Amino acid sequence: NDYGVDRITDAKEPTSSQDFDELRLLARHEYLTQREEQKIAVVVKELEYLEADVVKYGWDNLSRQEQDEITLKREVVKLFNDKLKRQGHNGFLMGDGAVEGKALLDKKRELLKTRSGKDRVQVEKSAQKQWEDKQLNNAVQGSDYDTIKVEGSEEYEFVFDEQAFIEFSTEDGDSLSPGSNEEVALTELESRLEKETARLKSIHETRKSLPVYQYRDDLLNAVKEHQIMIVVGETGSGKTTQLPQYLVEDGYTQHGKLQVACTQPRRVAATSVATRVADEMGVMLGKEVGYSIRFEDKTTPGTTFLKYMTDGMLLREFMIDPELTNYACIMIDEAHERTLATDILLGLLKDILPHRKDLKLIISSATMNAVKFSEFFYGAPIFNVPGRRFPVDIHYTLQPEANYINAAITTVFQIHTTQSVPGDILVFLTGQEEIESAQQSIEEIAHVLGDKIRPLIIAPIYANLPQDQQSKIFQRTPEGCRKVVLATNIAETSLTINGINFVIDPGFVKENSYVAASGMSQLLTVPCSRASVDQRAGRAGRVGPGKCFRLFTKWSYFHELEPLPKPEILRVNLSQVVLLLMSMGIRDLVNFPLLDKPSIPTLSKALENLYVLGALNSKGAITRLGHIMCDFPCEPQFGKVMHTAATHEKCKGVLEEAVTIVAMLHETSSVLVNSRQDANKSGIVGQVQSDHMLYLEIFNAWKDMDYSRSWCLDHKVQYKTMLRVRNIRDQLWRCCEKLGLAALNEAALDAGNPLQDVEARLTRSFIAGFPGNIAQLGSSGYRTMGRQTGGLTVNIHPSSVVFQMFRKESKKPTKHLLYQRLVLTSKEYMRDCIPIPRENWLHDMLPHLFAKGS
Ligand code: ADP
Ligand code: MG
C-alpha cells in the first residue's frame with residue numbers, strides 16, 4: 001500500500017509539530033485544494049493503520065511516540081469529520097462503530113494518569129515543579145478533566161475500516177522493533193510529539209490556571225452591570241488574553257455581528273497576543289481572531305469578531321466611524337502606559353459613551369493609575385484581580401555604573417556561573433541597537449568560555465523584531481540551559497515571559513521627548529520611574545522566588561527616580577493628534593477631556609506647526625491639504641511630502657519616488673544587515689548624495705530584480721524588511737490614487753520630456769514636509785534651527801552616507817541639511833540626512849520661514 005507500514009519508524013521524515021499545526025488548520029478550513037485534501041486523506045489512511053495497532057496490540061503496549069502520534073492524528077481526523085458534518089457530509093472514509101470512542105477515551109485518561117505519575121518521580125522537586133505538578137494533577141484527576149484534552153475529543157468517534165486492519169495484520173513484521181539508527185530518529189520524533197502534546201495541554205491548562213479564571217463570572221457580571229469598568233491585576237494574570245475571550249463567550253459579539261476590540265500600546269504586543277489567543281481558541285489567526293497594526297491588517301471583515309489592535313489604529317477607526325458602531329466592547333489595555341493614543345482614545349470614548357449605552361468599556365491597568373482612571377470616568381468601579389507573586393530579592397550596586405550595558409553583561413555571566421538552572425534571565429535595555437550589541441558581546445564571551453559554562457540561549461525582543469523571531473522568547477528553555485531574554489520595556493507589562501527568575505535592570509528607558517520652545521523632538525535615554533523599575537522587578541517573581549539586580553544605587557532609587565512615568569501627551573509633538581482631532585470636528589482643544597492636559601504653549605506650537613505645513617489656515621480651520629494629510633496612515637509631515645511631490649510647481653512628477661522613500665523611512669532601522677558601508681561596497685548604488693537617495697536606489701534595484709530574495713542576500717539587505725517596505729509602499733500608493741494625487745503626478749509627467757532634476761524635486765518635497773528638521777552649518781558644525789533658542793549642535797550620524805561623503809571624500813558640507821530623526825546617544829546625532837545644496841530651495845518651499853537667498 002501507498003502509505004507504508006513502517007511509517008512510524010520512517011527515520012527520514014517524522015511528522016513534526018509544525019506539520020501537525022498545519023494539518024489541524026487544514027482540517028478546519030472550509031474549502032481545501034485537492035492537494036490539501038490529499039494531505040488529510042493520507043492522515044486518515046495512516047490513522048486507520050494505527051488504530052489497527054491499537055486493537056491488535058492494546059493501547060498500553062504501544063510505544064509512547066505511537067500513542068502520541070495516534071492522539072494527534074485522531075484530533076486532526078476528528079476536526080476534519082466535524083467540519084464535513086457541518087457541511088452536511090456523513091463522515092469521511094470511515095464506517096461506523098468499529099471502535100467505541102468511549103473506550104478509547106478511557107484509555108487515554110489512564111495513559112495521562114500513569115504518565116503524570118511517572119513524570120513526578122523523575123523531576124526534581126523545585127517549588128516551581130511542585131506547583132506545575134499540582135496543576136497537572138488537578139487537571140488530570142479533577143472533575144473537569146475533559147478540559148485538558150484536545151478540543152472536541154470527548155465525542156471522539158473515530159472508526160476505522162476493518163478491512164484495513166486485516167490487510168495490515170498480514171504485513172506485520174519488524175517494523176515495530178527499529179534498529180539503532182532508527183532509534184535515534186525515534187527519540188527525536190518522540191520528543192517532538194511530546195512537545196506538541198505538552199503544548200496543547202498547557203494551553204488549556206494555562207487558561208484555567210490563570211488568576212482571572214476564578215473571577216470569570218464576577219467579571220462578566222460586573223461588565224453587565226456597568227458600562228465602564230477598570231480592571232487591575234498583576235502582569236501575567238490573564239487580562240489581555242482572557243478577558244476579551246470571556247466577552248466573546250458571553251455573547252457580546254451577537255454571533256459575530258459585532259466586534260470586541262482590545263488595544264495595545266505596542267505592535268509586538270498586539271500581534272503576539274492575537275497569535276496566542278487564536279491558538280487558544282483553535283482558530284486561524286486573521287479569521288475569527290485577528291490583529292490590526294499600522295500597515296498590517298490581519299483581519300477578515302465580517303468574520304473577525306475579536307481584534308487586537310494598536311491604540312493608534314483604533315484612533316484611526318474613530319476617524320472613519322466616530323460612533324464605533326461595529327464594536328460591542330472595547331478594552332483599553334495597558335492604560336497605565338499612558339501613550340498619547342490611549343489618552344486621546346479615553347477622551348473620545350468619554351465623549352461617545354453617554355449616547356452609546358450598549359458599548360462596554362474596560363480599562364485595564366497596572367495598579368498605579370487605577371484611581372485616576374476611575375475618577376476620569378465619574379467613579380467607575382475598579383475590579384481587582386489578585387495575582388500570585390513570589391517574593392523578589394532586590395540587589396543594588398554600591399556605586400553608580402558608568403557603562404550599564406557592560407555591567408548588565410557582567411551580571412548575566414555572574415548569575416549564569418553561580419546560580420543553578422532552570423532560571424532564565426530577563427535584561428531590560430533601551431532599544432534595538434543596545435540589544436544587538438549586548439547579544440553580540442554575550443555570544444562572544446560565551447564562545448570564549450566554551451564548555452566551561454552551560455549553554456546560553458539569547459532571545460532578543462523589541463518592537464521591530466521580525467515576527468517569526470519573536471516566538472523564541474516564549475519557547476521553553478531546554479533542560480540544563482539558561483535563556484537570556486534581552487528586552488526593551490515591552491517586557492515590563494505587555495508581554496509575559498514564563499520561566500524568568502532573574503531580572504537585570506539598568507533602570508533606563510528610551511523616551512520621545514519634545515521641547516515646544518525649540519520645536520524639536522528627540523529620542524532620549526532617561527532613567528525610568530520608580531513604578532517602572534518595580535514592575536520590572538516583579539517579572540522575576542512569577543514562577544517562584546526571584547532576584548532582581550538593579551544596576552543603580554539604592555540612594556538613586558529613593559532620591560533620583562520619579563515616582564511615575566511622564567505621560568506621553570506631556571512630552572511629545574502634538575501636531576499629529578491636534579490635526580486628527582480637528583479633522584474629527586473637535587475645535588475646542590482646551591476643553592477636550594484628557595487625563596492630563598498638555599500645556600497651552602505645546603498646543604499653540606502644534607497649531608503653529610500645522611499652519612506652517614498648510615494643514616490649517618490663518619483662522620485655525622483645517623484645510624483641504626490638512627484633510628489629505630490626515631488620510632495618509634503616517635505622520636502628517638510625510639503626507640505633506642507626498643502631496644508636494646505630486647503637485648508643487650517645482651517638484652511635481654516625483655510622487656512615485658517620494659512614496660518609495662517615505663516607505664523606506666518607516667523601516668530604516670532594519671533595512672541593511674550591517675552598516676550602510678556594506679550597501680555601498682556591495683555595489684547596489686553608484687554614488688548617492690543622501691540617505692534618501694540610497695533608500696530609493698536600494699528599493700528600485702530590488703524591484704528591478706523582481707523583488708528577489710537572493711538579491712537581498714547578495715547585497716546584505718534584509719529581505720523581510722523589504723517585503724514590509726513594499727507592502728507599506730503599496731498602501732501609500734493606493735492612498736495617493738484615492739486622493740487623486742497619482743493622477744496629478746501623472747499629468748505632470750505627460751507634460752514634457754523625461755523629468756529633469758529628480759533629486760532636486762525630491763529634496764524640495766522633503767523640505768516642504770519637514771521645515772522643522774533643518775540644520776544650518778556654523779563655526780562649530782551643524783546647528784538645529786530652533787528660532788527662539790538658537791539651536792543645538794548636532795552631528796551627522798557616522799552611518800549616514802552624508803557623513804561618509806563629507807568626511808571621507810572631503811566634499812564641502814552644504815550650508816543646510818535636512819534630517820529625519822534626532823537621536824541622543826553619546827552625542828546628538830542626525831539620522832537619515834539629505835543635504836540642501838541651494839539656499840533658495842528653502843525660500844522656494846518655505847517662503848514664510850526663509851528669506852530669499854542667493
Ligand atoms: P496579563 O494581560 O494579565 O498580563 P496575559 O493575558 O498577557 O496576562 O497572559 C496570560 C498568560 O498567557 C501568561 O501566563 C503568559 O505566559 C501566557 N501567554 C501570553 N502570551 C503568550 C504567547 N504569545 N505565548 C505563550 N504564552 C503566552
Ligand atoms: Mg496584558
Side-chain angles (χ1 to χ4, degrees), residues 21 128 131-132 135 195-196 198-216 219 230-248 260 262-281 285 289 291 306 308-311 331-337 339 342 362-368 370 383-390 424 426 459 461 465 467-477 483 485 487 489-500 535-536 538-544:
D21 282 342
Q128 155 67 0
W131 183 81
E132 274 181 9
Q135 294 301 317
K195 265 191 221 143
E196 175 57 16
R199 197 185 68 87
L200 266 179
K201 261 199 309 190
S202 82
I203 279 182
H204 291 272
E205 268 167 28
T206 314
R207 278 204 73 185
K208 291 214 153 184
S209 70
L210 290 172
V212 285
Y213 182 72
Q214 290 174 34
Y215 300 91
R216 187 179 182 278
L219 278 161
I230 291 118
V231 176
V232 171
E234 251 345 296
T235 302
S237 54
K239 300 181 298 295
T240 311
T241 53
Q242 306 306 305
L243 292 187
Q245 287 189 71
Y246 296 167
L247 295 169
V248 169
V260 171
C262 175
T263 66
Q264 294 293 318
R266 295 193 179 80
R267 298 155 54 104
V268 186
T271 56
S272 147
V273 168
T275 312
R276 168 73 178 185
V277 170
D279 218 6
E280 286 186 8
M281 292 179 74
L285 182 63
V289 177
Y291 65 80
L306 174 47
Y308 287 89
M309 63 209 301
T310 49
D311 44 13
M331 173 161 161
I332 304 289
D333 202 1
E334 305 283 325
H336 61 268
E337 291 245 350
T339 57
T342 288
I362 296 179
I363 296 162
S364 119
S365 153
T367 340
M368 50 194 173
F383 196 112
N384 188 28
V385 180
R388 52 167 180 262
R389 181 148 155 189
F390 297 89
D424 295 340
L426 172 60
I461 181 85
L465 187 70
Q467 223 161 318
D468 52 321
Q469 289 167 42
Q470 288 167 19
S471 58
K472 200 168 167 190
I473 60 163
F474 295 114
Q475 279 159 19
R476 194 180 274 272
T477 313
K483 181 160 69 185
V485 179
N489 62 345
I490 186 156
E492 207 172 286
T493 57
S494 343
L495 290 183
T496 308
I497 305 161
N498 289 324
I500 301 291
Q535 282 287 345
R536 291 177 174 191
R539 304 283 64 79
R542 260 182 44 79
V543 292

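All ligand and atom numbering here is 1-based and tracks the order in the structure. Owing to the predicted nature of the structure, the values given are computational and were not obtained by experimental measurement. The first residue in the sequence is number 1, and the count goes up from there.
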Original post:
Going by heavy atoms in the side chains, are D311 and I332 under 4.5 Å from each other?
Top reply: no

**OP:** Would you check if I500 and R542 make a side-chain contact, meaning some heavy-atom pair closer than 4.5 Å?
**Re:** no

Original post:
Is the distance between the Mg ion (ligand 2) and the nearest N/O/S atom of T240 smaller than 2.8 Å?
Top reply: yes

**OP:** Please examine the side chains of L247 and I362, heavy atoms only from C-beta on, and report whether any two atoms are closer than 4.5 Å.
**Re:** yes

Original post:
What pair of heavy atoms forms the shortest contact from K483 to D424, and how long is it?
Top reply: N-OD1, 3.0 Å

Subject >> Partner of F383 by side chain to side chain contact (heavy atoms under 4.5 Å, CB included), out of V232, L219, V212 >> reply: L219

Subject >> Residues lining ligand 1 [heavy-atom distance under 4.0 Å, listed by chain and residue number] >> reply: L210, E234, T235, G236, S237, G238, K239, T240, T241, S272, R276, F474, T496, N498, R542

Original post:
Between T271 and Q470, is any pair of side-chain heavy atoms under 4.5 Å apart?
Top reply: yes

